Student: 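What follows is a structure written as structure tokens; I'll ask about it next.
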Amino acid sequence: MTLLAQNLVLTSEVSNLIQIEKLIDSVCDNCHISEDNYGNILIALTEAVNNAIVHGNKEDKSKKVTLTYEVTDNEVNFVVKDEGCGFDLNQVPDPTLPENINKLSGRGVFLMNSLADEVVFDENGTMVILKFCIANS
């Protein structure tokens, strides 16, 4: 049973990331999602939206990032879609390798994969689906 589903459309400005935190606060409060899940959702989803703004849409304010989410009894799913050209997931450097460990960027995909229960990159990388199994508190 779907408890909540909604869309959010953002312009490609990093300053819009604050809206993601507010959205997650609202979803987690309204659906009684545990604090453990809150942290994972906050970091993974912020990384996904940041990547869409910065890497996908190249911070082009004329391009949009669309976030769709759905909360059910035991799962919350987020779909982040940008208007960029996409990317090859196999070409994303491993941030845990010694040559990458001190780089200030390049951890978004790694964090998403580490924190979400399932991550799917689709449409040539212009869409990411983040799935979280939730334990209601």
Side-chain angles (χ1 to χ4, degrees):
M1 177 176 102
T2 298
L3 301 176
L4 184 63
Q6 196 165 346
N7 290 335
L8 178 66
V9 179
L10 304 169
T11 57
S12 294
E13 299 174 76
V14 174
S15 61
N16 283 329
L17 288 173
I18 192 72
Q19 292 185 49
I20 301 306
E21 185 174 352
K22 290 177 183 176
L23 171 81
I24 295 166
D25 287 347
S26 174
V27 169
C28 289
D29 286 346
N30 291 335
C31 298
H32 308 290
I33 295 173
S34 73
E35 283 189 36
D36 290 340
N37 285 313
Y38 170 84
N40 290 347
I41 293 168
L42 177 66
I43 294 168
L45 187 59
T46 300
E47 289 293 338
V49 174
N50 185 67
N51 283 354
I53 291 170
V54 174
H55 301 293
N57 290 344
K58 309 285 188 221
E59 296 185 67
D60 179 343
K61 294 176 187 172
S62 70
K63 293 184 177 181
K64 306 290 185 229
V65 174
T66 303
L67 170 63
T68 305
Y69 64 93
E70 177 182 62
V71 181
T72 66
D73 288 333
N74 58 359
E75 193 172 76
V76 59
N77 299 312
F78 296 92
V79 179
V80 178
K81 176 103 174 84
D82 64 57
E83 296 178 349
C85 298
F87 71 101
D88 182 354
L89 185 59
N90 296 319
Q91 298 299 313
V92 176
D94 181 347
T96 65
L97 293 177
E99 63 267 25
N100 298 326
I101 208 80
N102 291 322
K103 291 185 179 176
L104 297 177
S105 64
R107 291 177 178 77
V109 171
F110 175 80
L111 286 169
M112 285 182 260
N113 282 316
S114 298
L115 298 172
D117 292 298
E118 184 179 347
V119 180
V120 177
F121 290 93
D122 205 355
E123 298 184 17
N124 197 38
T126 62
M127 180 168 52
V128 62
I129 303 164
L130 302 171
K131 297 183 179 188
F132 299 89
C133 298
I134 54 173
N136 293 328
S137 52

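If you're wondering where the values come from, they're calculated on a predicted model, not measured in any experiment.
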Student: Which atoms form the tightest heavy-atom contact between R107 and N100, and what is the distance?
Tutor: NH2-O, 3.9 Å
Student: Is I24 reachable from I134 through a run of I, L, V, M, F, W or Y residues, each pair having side-chain heavy atoms under 4.5 Å apart?
Tutor: yes
Student: Under the rule for side-chain contact (heavy atoms from CB on, under 4.5 Å), what residues qualify as partners of V14, not counting sequence neighbours?
Tutor: L17, N50, I53, V54, E59
Student: Would a hydrophobic clustering, with Ile, Leu, Val, Met, Phe, Trp and Tyr connected at side-chain separations under 4.5 Å, put V79 with V76?
Tutor: no
Student: Only counting residues at least two apart or in another chain, list the ones meeting side-chain contact (heavy atoms from CB on, under 4.5 Å) with K63.
Tutor: S12, N57, D60, E83
Student: Between M112 and L130, is a side-chain contact (heavy atoms from CB on, under 4.5 Å) present by the stated rule, with each step listed?
Tutor: CA-CA 8 Å; M112 285 182 260; L130 302 171; 4.1 Å; yes
Student: Is the closest side-chain donor-acceptor distance between T96 and D94 under 3.5 Å?
Tutor: yes
Student: What residue pairs, at least two apart or across chains, pass ring-ring contact (aromatic ring centres under 6.0 Å, His included) with a residue in residues 46-66?
Tutor: none
Student: For a side-chain contact (heavy atoms from CB on, under 4.5 Å) check, start with the C-alpha distance between V120 and M127, then their side-chain angles and the critical distance, and finish with the verdict.
Tutor: CA-CA 8 Å; V120 177; M127 180 168 52; over 6 Å; no
Student: In this structure, would V92 and V128 fall into the same cluster of hydrophobic residues linked by side-chain contacts under 4.5 Å?
Tutor: yes
Student: Tell me the side chain to side chain donor-acceptor pair (under 3.5 Å) pairs involving residues 120-129, sequence neighbours left out?
Tutor: K81-E123, K81-T126
Student: I'd like a table of donor-acceptor pairs (distance under 3.5 Å, sequence neighbours excluded) in which one partner is a side-chain atom from residues 38-49, with atom names and distances.
Tutor:
unit_1 : atom_1 : unit_2 : atom_2 : d
Y38    : OH     : D25    : OD1    : 2.6
T46    : OG1    : L42    : O      : 2.6

Student: Please verify the inter-ring angle class for Y69 with F78; under 30° counts as parallel, over 60° as perpendicular, anything in between as tilted.
Tutor: tilted
Student: Side chain of S26, backbone of K22: donor and acceptor closer than 3.5 Å?
Tutor: no
Student: Tell me the closest heavy-atom pair linking N37 and C133, and the distance in Å.
Tutor: OD1-O, 3.3 Å
Student: Verify the distance criterion only: is there a donor paired with an acceptor across the side chains of E75 and N77 at less than 3.5 Å?
Tutor: yes
Student: What's the shortest heavy-atom distance between F110 and P95, and which atoms?
Tutor: CB-CG, 3.5 Å
Student: If Ile, Leu, Val, Met, Phe, Trp and Tyr residues are connected whenever their side-chain heavy atoms lie under 4.5 Å apart, and connections chain through other members, are I33 and L67 in the same group?
Tutor: yes
Student: To check you understand the geometry: which heavy-atom pair defines the closest contact between V71 and C31, and what is its length?
Tutor: CG1-SG, 3.7 Å
Student: Answer with yes or no whether the side chains of T11 and N16 bring together a donor and an acceptor at under 3.5 Å.
Tutor: yes
Student: Checking F121 now: which residues fulfil ring-ring contact (aromatic ring centres under 6.0 Å, His included) with it, not counting sequence neighbours?
Tutor: F87
Student: If I compare all heavy atoms of L8 with all of Q19, which pair ends up nearest, and what's the gap?
Tutor: CD1-OE1, 4.1 Å
Student: Under 3.5 Å, is there a donor-acceptor pair between the side chain of D82 and the main chain of V65?
Tutor: no
